[in-house]
Amino acid sequence: MAELTEHINPNKQVKSKKRVRDYGEVYTPQHIVNAMLDLVKHETERIDSRFLGPACGNGNFLAEILRRKLVVVDSHYSKSQIEWERYAVIAVSSIYGVDILEDNAQECRERLFKIFEEHYTVFFKDKCKDECESIKYFV
Ligand SMILES: C[S@@+](CC[C@H](N)C(=O)[O-])C[C@H]1O[C@@H](n2cnc3c(N)ncnc32)[C@H](O)[C@@H]1O
């Protein structure tokens, strides 16, 4: 399967000094995200496990959780579009995030949607349903 791209540089930790000062905004690097999520690996690979990012930023943890869940959805349901859609929607809709900064919340939503869309397109390129655009409003 083609390598799926991530659109946000996961190694960029700070947007501005002001945001660090005002909001404590320092993003977690990818290797730490991975190490922390590995502590609950079983949960990150359970399609319907619920996760809340209480200060989610642009979604470093939530993006990796969704990616891990969708790898499981891909491996079990890629032969059936309807089943893939059903479980992928369950995966996305059990991930929640909150952030005080609107731009972070928006960036996080767009990031999760892109991950969903990229996985969907790999298997169902010509058959993606418009209804799945509604995923944008789940995340
Ligand atoms: C240290 S960053 C962590 C971001 C992300 N969880 C990560 O690990 O990359 C902290 C985040 O908390 C947000 N934040 C700060 N105060 C908050 C509050 N009172 N409620 C919700 N989010 C807040 C900031 O906007 C920032 O995105």
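Whatever order the structure lists ligands and atoms in, that order sets their numbers, starting from 1.
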For F61, the ligand 1 atoms with a heavy-atom partner under 4.0 Å come out as 8 (O)
Would you mind running through ligand 1 and noting each atom that sits below 4.0 Å from a heavy atom of Y27? 4 (C), 9 (O)
Below 4.0 angstrom, N of the basic side chain to O of the carboxylate: do K114 and E117 qualify? no
Within the 4.5 Å heavy-atom criterion, are I47 and H76 side-chain neighbours or not? no
Ligand 1-proximal atoms of I100, by part, heavy-atom distance under 4.0 Å: both
Return a yes/no value for N60: is any of its N or O atoms, backbone included, closer than 3.5 angstrom to an N or O of ligand 1? yes
Between the side chains of Y77 and E85, does any donor sit under 3.5 Å from an acceptor? no
Out of T28, V14, D22, whose heavy atom sits nearest atom 8 (O) of ligand 1? T28
For atom 2 (S) of ligand 1, grab the closest protein heavy atom and report residue, atom and distance to one decimal in Å. V26 O, 3.4 Å
Salt bridge check, R68 against D38: does any charged N sit closer than 4.0 Å to a carboxylate O? yes
N/O donor-acceptor pair under 3.5 Å between S94 side chain and A91 backbone: yes
Scan side-chain atoms only and decide if Y120 and E118 contain a donor-acceptor pair under the 3.5 Å cut-off. no
Nearest non-hydrogen protein atom to atom 15 (C) of ligand 1, with distance, is Y23 O, 3.2 Å
For atom 25 (O) of ligand 1, closest protein heavy-atom neighbour: D99 OD1, 2.7 Å
Quiz question: by atom type and distance under 3.5 Å, do the side chains of N58 and K12 form a donor-acceptor pair? no
Any idea which atoms of ligand 1 are less than 4.0 Å away from a heavy-atom of G57? 4 (C), 27 (O)
Sub-3.5 Å donor-acceptor pair from the side chain of K69 to the main-chain atoms of I90, do we have one? no
Could you find the nearest protein heavy atom to atom 10 (C) of ligand 1 and give me its residue, atom name and distance? G24 O, 3.6 Å
Note: ligand 1 atoms sitting under 4.0 Å from heavy atoms of N104 are 25 (O), 27 (O)
Of the protein's non-hydrogen atoms, which lies at the shortest distance from atom 4 (C) of ligand 1, and what is that distance? A55 O, 3.4 Å
Hey, quick one: are F51 and F113 part of the same hydrophobic cluster, counting side-chain heavy atoms closer than 4.5 Å, chains of contacts allowed? yes
Run the numbers for me: atoms of ligand 1, each under 4.0 Å from some heavy atom of C56, listed by number. 5 (C), 6 (N)
Number the atoms of ligand 1 from 1 as they appear, then name those within less than 4.0 Å of a heavy atom of L101, with their elements. 25 (O)
